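Quick caveat, the model's predicted, so the values are computed rather than measured. Chain A is the first sequence line, chain B the second, and so forth, proteins listed ahead of strands; every chain is numbered from 1.
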Amino acid sequence: MAKRITKRSDDYSQWYLDVVKEAQLAEHSPVRGSMVIRPTGMALWENMRNALDQMFKDTGHENAYFPLFIPKSFLSKEAQHVEGFAKECAVVTHSRLKSVDGGVEVDPDSRLEEELIVRPTSETIIWDTYRNWIQSYRDLPILVNQWANVVRWEMRTRLFLRTMEFLWQEGHTAHATKEEAVEETLQMLEIYRTFAEEFMAMPVVTGVKTASERFAGAEDTYCIEALMQDGKALQAGTSHFLGQNFAKAFEVTFQDKDGDHKLVWATSWGVSTRLIGGLIMTHSDDNGLVLPPKLAPRQIVIVPIYRSDEEREMVLAYGESLLNELKEHGIRAHMDTRDTYKPGFKFAEHEARGIPLRIAIGPRDVENNKVEWARRDTLSKEITEREGLGARAAELLNTIQQDLYDRALARRSEMTSEVETYEEFKEVLEQKGGFIYAHWDGTAETEERIKNETKATIRCIPLTEATPGTCMVTGKASKQKVLFARAY
RNA sequence: CGGGGAGUGGCGCAGUCCGGUAGCGCAUUCGCUUUGGGAGCGAAGGGUCGCAGGUUCAAAUCCUGUCUCCCCGACCA
């Protein structure tokens with residue numbers, strides 16, 4: 001049977017869509033730009049969520065839940081913020097339908113006095129709430145996160161990478177001092193970096209956004225930027241130092257030890273289901289999805305092979321014992337006992353779905369007390385003794401996790417360039433793509449010019465040692481090289 | 001939101017130009033044979049042709065509107 005997945009070299013966008021579909025992660029819904037996340041995709045998101053949630057809890061954060069609907073007036077309280085989101089808000093204007101010969105229509109009598117906005121992000125309603133929670137320095141800090149869905153009315157959508165409704169977490173913290181808020185912002189950035197690298201096996205560059213790429217309402221936006229296989233960058237997470245902007249807009253003050261009333265300092269930070277898109281485009285190949293073991297809903301699948309009923313019974317019993325041992329080692333293992341598919345079909349299917357390790361067992365293996373392992377990432381096979389199965393499995397999963405990261409890092413290094421002149425910059429961008437470090441004079445004008453002329457944007461100003469130089473475009477002074485790329 | 005392409009059983013497509021009452025492959029169901037890399041043969045089921053109007057004796061096909069998807073652009077996590 002023909003491959004169902006378009007080759008990356010033929011059409012990268014189509015390949016991405018094919019992988020999402022064949023791995024059964026998600027599909028389009030009847031509503032424009034909105035997706036159905038299928039059980040496999042949701043299980044993957046849940047694993048990401050659980051890991052992140054634990055990291056948040058370990059750093060003193062608590063979960064809460066704020067409403068989906070935000071009064072329209074709240075959005076207009078912070079000027080920058082409104083401007084950033086005004087163009088992509090879903091608005092609820094009515095509260096009722098009425099039946100009209102066989103169908104329904106909006107009941108004009110049910111018009112809301114004040115329209116409700118479906119949250120594009122929750123800063124406004126949260127800060128309106130925090131005003132009541134905060135009186136004294138003793139009430140600070142407030143370290144709250146919420147797991148929620150948000151809606152942004154996007155013009156152009158792609159599964160996971162940009163959908164009108166998506167799942168995410170948004171952390172919102174309030175602090176007595178600027179230093180503490182900045183520290184929180186950077187701490188969460190570091191958590192995102194750790195998560196991306198250790199769980200997703202996806203190397204990222206941490207940095208701060210330029211003014212034009214900054215979150216609406218933030219003083220500083222920090223980010224993690226990853227590089228996809230096709231040489232385009234993906235913003236994978238953001239952490240914002242909000243200064244006192246929302247405190248001012250929502251009049252959130254506290255009485256400090258010295259008796260003075262002061263405005264609180266704020267942060268917010270988030271990652272979304274977009275991470276799944278990043279995960280796909282970091283590791284997957286022409287056979288389908290490749291998942292890092294730490295996040296894979298199923299880490300190992302056992303495929304039994306048999307002819308007769310006697311063989312079936314024997315092989316399945318052997319498989320059960322393997323399954324039990326794997327589970328005792330805390331491994332998420334599954335045996336594919338479906339009787340109506342041939343092993344070859346199962347191999348291909350589990351590969352498309354990205355299960356990191358496959359164990360195939362047949363009558364020969366049962367007789368010789370062996371197992372055949374197949375790694376999803378390298379597509380390599382080996383046969384070992386059954387003895388020590390659990391330990392071997394754990395070791396292989398660790399190796400795969402590490403190898404995925406190493407390969408992604410090597411690819412990124414290979415796809416990262418450093419240039420001195422604008423000519424060189426344009427050439428590298430056209431020929432090779434990827435991350436490009438170059439000097440920039442720090443002005444929005446130059447940034448805009450580069451973007452218009454090359455479609456490359458400044459992904460971030462990296463948080464590394466700054467070596468001064470001169471701007472590749474204007475020749476003016478530059479504090480340090482910044483990271484450019486074409487981006488998703 | 002602008003430009004281009006596309007919507008026909010679950011999936012992929014032909015049929016549309018030139019109107020005549022829907023077909024192919026895969027998948028599904030049943031039977032038999034199979035099973036170490038996407039099984040074979042036989043039989044069966046399944047579609048108001050995205051949706052809504054219009055033209056016509058007759059519409060998948062022509063006209064108008066509308067929704068959704070893909071690609072490119074502007075905007076954005």
Side-chain angles (χ1 to χ4, degrees), chain A residues 1-6 11-18 20-22 24 27-35 83-89 103 120-121 150-170 192 209 212-216 221 223-226 233-240 268-278 287-288 303-309 311-312 315 336 338-352 358-366 370-372 374 379 381 383 451-452 455 457 459 487-488:
Chain A
M1 181 180 287
K3 282 263 178 70
R4 296 169 186 175
I5 298 173
T6 305
D11 184 343
Y12 196 81
S13 296
Q14 191 57 48
W15 165 82
Y16 175 82
L17 292 167
D18 289 347
V20 170
K21 184 180 161 201
E22 290 301 319
Q24 298 175 33
E27 59 193 37
H28 291 286
S29 77
V31 182
R32 182 175 74 82
S34 303
M35 64 180 168
E83 206 174 312
F85 287 103
K87 282 178 286 185
E88 48 187 51
C89 287
T121 179
V150 286
V151 168
R152 297 180 187 176
W153 213 262
E154 298 289 348
M155 291 305 166
R156 192 174 164 190
T157 60
R158 301 189 71 184
L159 292 173
F160 291 115
L161 295 173
R162 176 164 295 105
T163 46
M164 294 220 303
E165 177 186 5
F166 56 94
L167 304 183
W168 78 343
Q169 58 70 214
E170 46 181 325
Y192 289 154
K209 288 287 187 189
S212 67
E213 300 270 332
R214 195 180 288 154
F215 173 73
T221 289
C223 62
I224 54 172
E225 290 283 328
L234 183 77
Q235 177 175 308
T238 50
S239 182
H240 314 289
S268 70
W269 26 275
V271 295
S272 71
T273 37
R274 173 179 246 204
L275 287 178
I276 294 177
N287 294 317
V303 177
I305 300 162
Y306 47 81
R307 289 188 178 79
S308 61
D309 280 352
E311 281 185 357
R312 178 171 188 274
V315 172
D336 187 350
R338 290 175 301 173
D339 206 19
T340 48
Y341 294 95
K342 291 182 67 174
F345 178 89
K346 294 180 181 177
F347 291 174
E349 187 182 64
H350 295 302
E351 263 163 28
R358 177 183 75 232
I359 292 176
I361 46 167
R364 284 206 303 268
D365 303 304
V366 177
K370 307 249 181 190
V371 289
E372 182 199 76
L379 299 171
K381 291 184 193 172
I383 294 174
K451 184 179 173 182
N452 289 338
K455 296 188 180 90
T457 50
R459 301 317 305 154
Y488 275 99

Asks: Determine the Euclidean distance between corresponding C1' atoms of B:C72 and B:A14; express it in Å to zero decimal places.
Replies: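 Roughly 28 Å separates the two C1' atoms.
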Asks: For A:D11, answer base if it contacts any base atom (sugar-phosphate contacts may also be present), sugar-phosphate if it contacts only those atoms, and nothing otherwise; contact means non-hydrogen atoms under 4.0 Å.
Replies: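 A:D11: no heavy atom of the nucleic acid under 4.0 Å.
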Asks: Using a heavy-atom cut-off of 4.0 Å across all strands, would you classify A:T163 as base, sugar-phosphate, or nothing?
Replies: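 Base, at least one base atom sits under 4.0 Å.
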Asks: In terms of the nearest nucleotide of RNA chain B, which residue is placed more toward the 5' end: A:I361 or A:K87?
Replies: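 It is A:I361, whose closest nucleotide lies nearer the 5' terminus.
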Asks: If the C1' atom of B:C51 is compared with that of B:A59, how far apart are they to the nearest Å?
Replies: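 Their C1' atoms lie roughly 16 Å apart.
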Asks: Categorize A:K209 for me: base, sugar-phosphate, or nothing, with a 4.0 angstrom heavy-atom threshold over every strand shown.
Replies: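 A:K209: no heavy atom of the nucleic acid under 4.0 Å.
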Asks: Using whole Å, what does the distance between atom C1' of nucleotide B:C1 and atom CH2 of A:W153 come to?
Replies: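 Rounded to the whole Å, the gap is 14 Å.
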Asks: Of the options B:G73, B:C75, B:G36, whose atoms approach the side-chain atoms of A:E154 most closely?
Replies: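 Ranking B:G73, B:C75, B:G36 by closest atom to the A:E154 side chain puts B:C75 first.
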Asks: Considering only the P atoms, how many Å lie between B:G3 and B:G65, rounded to the nearest integer?
Replies: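 These two P atoms come out 13 Å apart once rounded.
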Asks: Starting from P on B:U33, measure out to OH on A:Y306 and report it in whole angstrom.
Replies: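 Whole-Å distance recorded here is 16 Å.
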Asks: Using both distances under 3.5 Å as the test, list the Watson-Crick or G-U wobble partner of B:C41, or none.
Replies: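 Paired with B:C41, as far as the under-3.5 Å criterion goes, is B:G31.
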Asks: Would you list the protein and nucleotides 68-70 of chain B atom pairs, both N or O, that sit under 3.5 Å from each other?
Replies:
unit_1 : atom_1 : unit_2 : atom_2 : d
B:C69  : OP1    : A:G33  : N      : 2.3
B:C69  : O3'    : A:H28  : NE2    : 3.1
B:C70  : OP1    : A:H28  : NE2    : 3.2

Asks: Output the rounded distance in Å from CZ (A:F347) to P (B:A39).
Replies: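 My rounded result for the distance is 11 Å.
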Asks: Between B:U35 and B:C13, how far is it from one C1' atom to the other, in whole Å?
Replies: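 Going atom to atom, C1' in each nucleotide, I get 31 Å.
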Asks: Verify whether one side chain among A:R459 and A:T457 offers a donor that lies under 3.5 Å from an acceptor in the other.
Replies: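 On atom types as modelled, these side chains qualify, holding a pair under 3.5 Å.
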Asks: Suppose you measure atom P in B:G50 against the same atom in B:G40; what distance do you get, rounded to whole Å?
Replies: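 The same atom, P, in both gives a distance of 31 Å.
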Asks: For B:A6, give the paired nucleotide (Watson-Crick: N1-N3 plus N6-O4 or O6-N4; G-U: N1-O2 and O6-N3; both under 3.5 Å), or none.
Replies: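 Per the H-bond distance test, B:U68.
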Asks: Rounded to whole angstroms, how far apart are NZ on A:K455 and P on B:C75?
Replies: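 Interatomic distance, NZ of A:K455 to P of B:C75: 12 Å.
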Asks: Checking base pairs now: Watson-Crick or wobble, both atom distances under 3.5 Å. What partners B:U21?
Replies: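 No nucleotide pairs with B:U21.
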Asks: Remember a base hit wins even if backbone is also touched, and classify A:E311 as base, sugar-phosphate or nothing at under 4.0 Å, heavy atoms.
Replies: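 The answer is nothing, as A:E311 stays clear of every strand by at least 4.0 Å.
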Asks: Measure from CZ on A:F85 to C1' on B:C75 and round the result to the nearest Å.
Replies: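 Result: 13 Å.
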Asks: Tell me the partner of B:A60, counting only Watson-Crick (N1-N3 plus N6-O4 or O6-N4) or G-U wobble (N1-O2 and O6-N3) with both under 3.5 Å; none if nothing fits.
Replies: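 Base-paired to nothing in any strand shown.
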Asks: From the options B:G73, B:C75, B:G37, select the nucleotide whose nearest atom is closest to the side chain of A:E351.
Replies: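 So the nucleotide nearest the side chain must be B:G37.
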Asks: Give the rounded distance in Å between these two atoms: NZ of A:K342 and C1' of B:C26.
Replies: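 Interatomic distance, NZ of A:K342 to C1' of B:C26: 16 Å.
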Asks: Side chain of A:A348, heavy atoms from C-beta onward: which of B:G36, B:G37, B:U35 has the nearest atom to it?
Replies: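 The answer is B:G37, which lies nearest to the side chain.
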Asks: Take atom CZ of A:R307 and atom P of B:A39, then tell me their distance rounded to the nearest Å.
Replies: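 Atom CZ in A:R307 sits about 15 Å away from atom P in B:A39.
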Asks: Between A:A236 and A:K21, who's closer to the 5' end of RNA chain B by nearest nucleotide?
Replies: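 Per heavy-atom nearest nucleotide, the more 5' residue is A:K21.
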Asks: Choosing from B:G36, B:U35, B:G73, which nucleotide comes nearest the side chain of A:P363?
Replies: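 Side chain of A:P363 sits closest to B:G36.
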Asks: Please report, to 0.1 Å, the donor-acceptor pairs under 3.5 Å made by any side chain of residues 339-346 of chain A, with sequence neighbours excluded.
Replies:
unit_1 : atom_1 : unit_2 : atom_2 : d
A:D339 : OD1    : A:Y306 : OH     : 2.6
A:K346 : NZ     : A:D336 : O      : 3.0
A:K346 : NZ     : A:R338 : O      : 2.7

Asks: List the residues meeting ring pair (Phe, Tyr, Trp, His ring centres under 6.0 Å) with A:Y192, not counting sequence neighbours, and say none if there are none.
Replies: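 A:Y192 satisfies ring pair (Phe, Tyr, Trp, His ring centres under 6.0 Å) with no other residue.
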Asks: For A:Y16, is the NZ or CZ atom of A:R158 found under 6.0 angstrom from the centre of its six-membered ring and inside 45 degrees of the ring axis?
Replies: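 Relative to the ring axis of A:Y16, which defines the angle, A:R158 lies inside both limits.
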Asks: Can you tell me how far P in B:U29 sits from the matching atom in B:G46, rounded to whole Å?
Replies: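 One P to the other, the span is 15 Å.
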Asks: Could you walk me through whether A:K209 and A:E225 pass the salt bridge (charged side-chain N to carboxylate O under 4.0 Å, His left out) check?
Replies: CA-CA 10 Å; A:K209 288 287 187 189; A:E225 290 283 328; 2.8 Å; yes
Asks: Does B:G46 have a Watson-Crick or wobble mate here (both distances under 3.5 Å), and if so which one?
Replies: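 Result: none.
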Asks: Mind checking the P distance from B:C18 to B:C63? Whole angstroms is fine.
Replies: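 Per the computed distance, 10 Å lies between those P atoms.
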Asks: Taking any strand in view, what nucleotide pairs with B:A14 in a Watson-Crick or G-U wobble way, both distances under 3.5 Å?
Replies: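 The answer is none; no pair meets the criterion.
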Asks: Measure from the side-chain N and O atoms of A:R152 to the backbone N and O of A:P120, and report whether any donor-acceptor pair falls under 3.5 Å.
Replies: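 Here the side-chain-to-backbone pair exists.
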Asks: Tell me what A:F215 touches on the nucleic acid: a base, only sugar-phosphate, or nothing, going by heavy atoms under 4.0 Å.
Replies: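 No contact at all - A:F215 keeps every heavy atom at 4.0 Å or more from the nucleic acid.
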Asks: Taking only residues two or more places apart in sequence or in another chain, which ones pass salt bridge (charged side-chain N to carboxylate O under 4.0 Å, His left out) with A:E27?
Replies: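 Here the qualifying residues are A:R38.
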Asks: Nearest-Å distance, CZ (A:R312) to C1' (B:U35)?
Replies: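 Value for this atom pair: 12 Å.
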Asks: Per the side-chain contact (heavy atoms from CB on, under 4.5 Å) rule, which among A:I276, A:T273, A:T157, A:V151 passes with A:F166?
Replies: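 Answer after filtering A:I276, A:T273, A:T157, A:V151: A:T273.
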Asks: Partners of A:S268 by side-chain hydrogen bond (donor to acceptor under 3.5 Å, both in side chains), sequence neighbours excluded?
Replies: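 side-chain hydrogen bond (donor to acceptor under 3.5 Å, both in side chains) check on A:S268 returns A:E123.
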Asks: So if I take every side-chain heavy atom of A:R156 and compare against B:G37, B:C11, B:C71, which nucleotide ends up nearest?
Replies: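 So the side chain of A:R156 is nearest to B:C71.
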Asks: Kindly point out which of B:G37, B:C11, B:U28 is positioned nearest to the side chain of A:Y341?
Replies: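 Closest of the options to the side chain of A:Y341: B:U28.
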Asks: Using ring pair (Phe, Tyr, Trp, His ring centres under 6.0 Å) as the criterion, list what pairs up with A:W15, not counting sequence neighbours.
Replies: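 So A:W15 forms a ring pair (Phe, Tyr, Trp, His ring centres under 6.0 Å) with A:Y12.
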Asks: Taking atom P in both B:C70 and B:U16, what distance in whole Å separates the two?
Replies: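 Between the two P atoms, the distance is 28 Å.
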Asks: Tell which nucleotide pairs with B:A74, taking only Watson-Crick or G-U wobble pairs whose two distances are both under 3.5 angstrom.
Replies: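 Pair assignment: B:A74 / none.
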Asks: So which nucleotide from B:G36, B:C75, B:U35 ends up closest to the side chain of A:R364?
Replies: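 Given the options B:G36, B:C75, B:U35, the side chain of A:R364 is closest to B:G36.
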